[in-house]
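Data block below; observations after.
Computed from a predicted model, the values in this text were never measured in an experiment. Whatever order the structure lists ligands and atoms in, that order sets their numbers, starting from 1. For reference, positions follow the sequence shown, starting with 1.
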Amino acid sequence: MKNIVILISGRGSNMQAIVNTAIPNAKVVAVLSNNPNAAGLAWAAEHGIATAALNHKDFANRMDFDRAMMQLIDEYAPDLVVLAGFMRILTPEFCAHYENRCINIHPSLLPSFTGLHTHQRALDEGCRISGCTIHFVTEVLDNGAIIAQGVVPILDNDTADDIATRVLKVEHQLLPQAVADFISGNLKIVGKRVIKSNQVDDSVTLLA
Ligand code: GAR
């Protein structure tokens, strides 16, 4: 059995998608947050999962927070750390500690639109598609090897919220699948590419 620790900052719908998928040989052993009021913490606790929050505002600097968070995470001996809407920039030390065993979901088609306000920026640029990316975490923000990407159309009357809603549905499919692929050892990192031993032709999925 492989241990998964999930980090959230808010609602936690992606965390819920992972828990609800019941991935073989995997157990979500803890859901942790930098935000004591994150709604997802209550949901996880109701589902019998250990939860804890470390408020980043209680720490003097980013390094102190990351070190405390690393200590907390490591109490659960994770095989995989999933950043599922964890809205903190991580220090190089944190990223190195979880190298090749920490993944993030980001609401854009990377390498376009790293950082925040991704859907509004896609709209402002006149993009006809948007989507989400799941990638390994490295010390460069939103830049690690890409595991999976999902695509949605941007329609003429869309607002950023409309796009976010459409993308979120794809996130809920893609993230549990990426976690399952990691857990079953299907992902191999070769430079910036992720090679999948169970690769299928998912061109239809990409256009859906
Ligand atoms: C998701 O859309 C995720 O892609 C995004 O936050 C949302 C969290 O929703 N992540 C980032 O922006 C990371 N930079 P959730 O709390 O309902 O899973």
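Looking only at heavy atoms of the protein, atom 9 (O) of ligand 1 is closest to Arg11 NH2, 3.1 Å. Gly12 N, 2.8 Å is the protein heavy atom nearest to atom 16 (O) of ligand 1. With respect to atom 14 (N) of ligand 1, the closest heavy atom belonging to the protein is His106 ND1, 3.7 Å. In terms of protein heavy atoms, atom 10 (N) of ligand 1 is closest to Ile105 O, 3.5 Å. The single protein non-hydrogen atom nearest to atom 15 (P) of ligand 1 is Ser13 N, 3.4 Å, given as residue, atom name and distance. Taking atom 1 (C) of ligand 1 as the reference point, the nearest protein heavy-atom neighbour is Glu171 OE1, 3.1 Å.
Each of the following atoms of ligand 1 lies closer than 4.0 Å to a heavy atom of Gly85: 6 (O), 8 (C), 10 (N).
With a 4.5 Å cut-off on side-chain heavy atoms, Leu83 and Ile103 do not count as touching.
Residue Cys132 places no heavy atom under 4.0 Å from ligand 1.
Of the possible donor and acceptor atoms, none in the side chain of Thr21 sits under 3.5 Å from a partner among the backbone N and O of Ile23. Asn61 contributes a side-chain N or O that, together with a main-chain N or O of Asp64, makes up a donor-acceptor pair within less than 3.5 Å. Checking side-chain atoms of Asp124 against main-chain N and O of Arg121 turns up no donor-acceptor pair under 3.5 Å.
Between Lys192 and Asn143, the side chains place a donor N or O and an acceptor N or O closer than 3.5 Å (distance only, hydrogens not considered).
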Derivation of the salt bridge (Lys or Arg N to Asp or Glu O under 4.0 Å) call for Arg88 and Asp66: CA-CA 10 Å; Arg88 296 279 306 164; Asp66 274 14; 5.4 Å; no
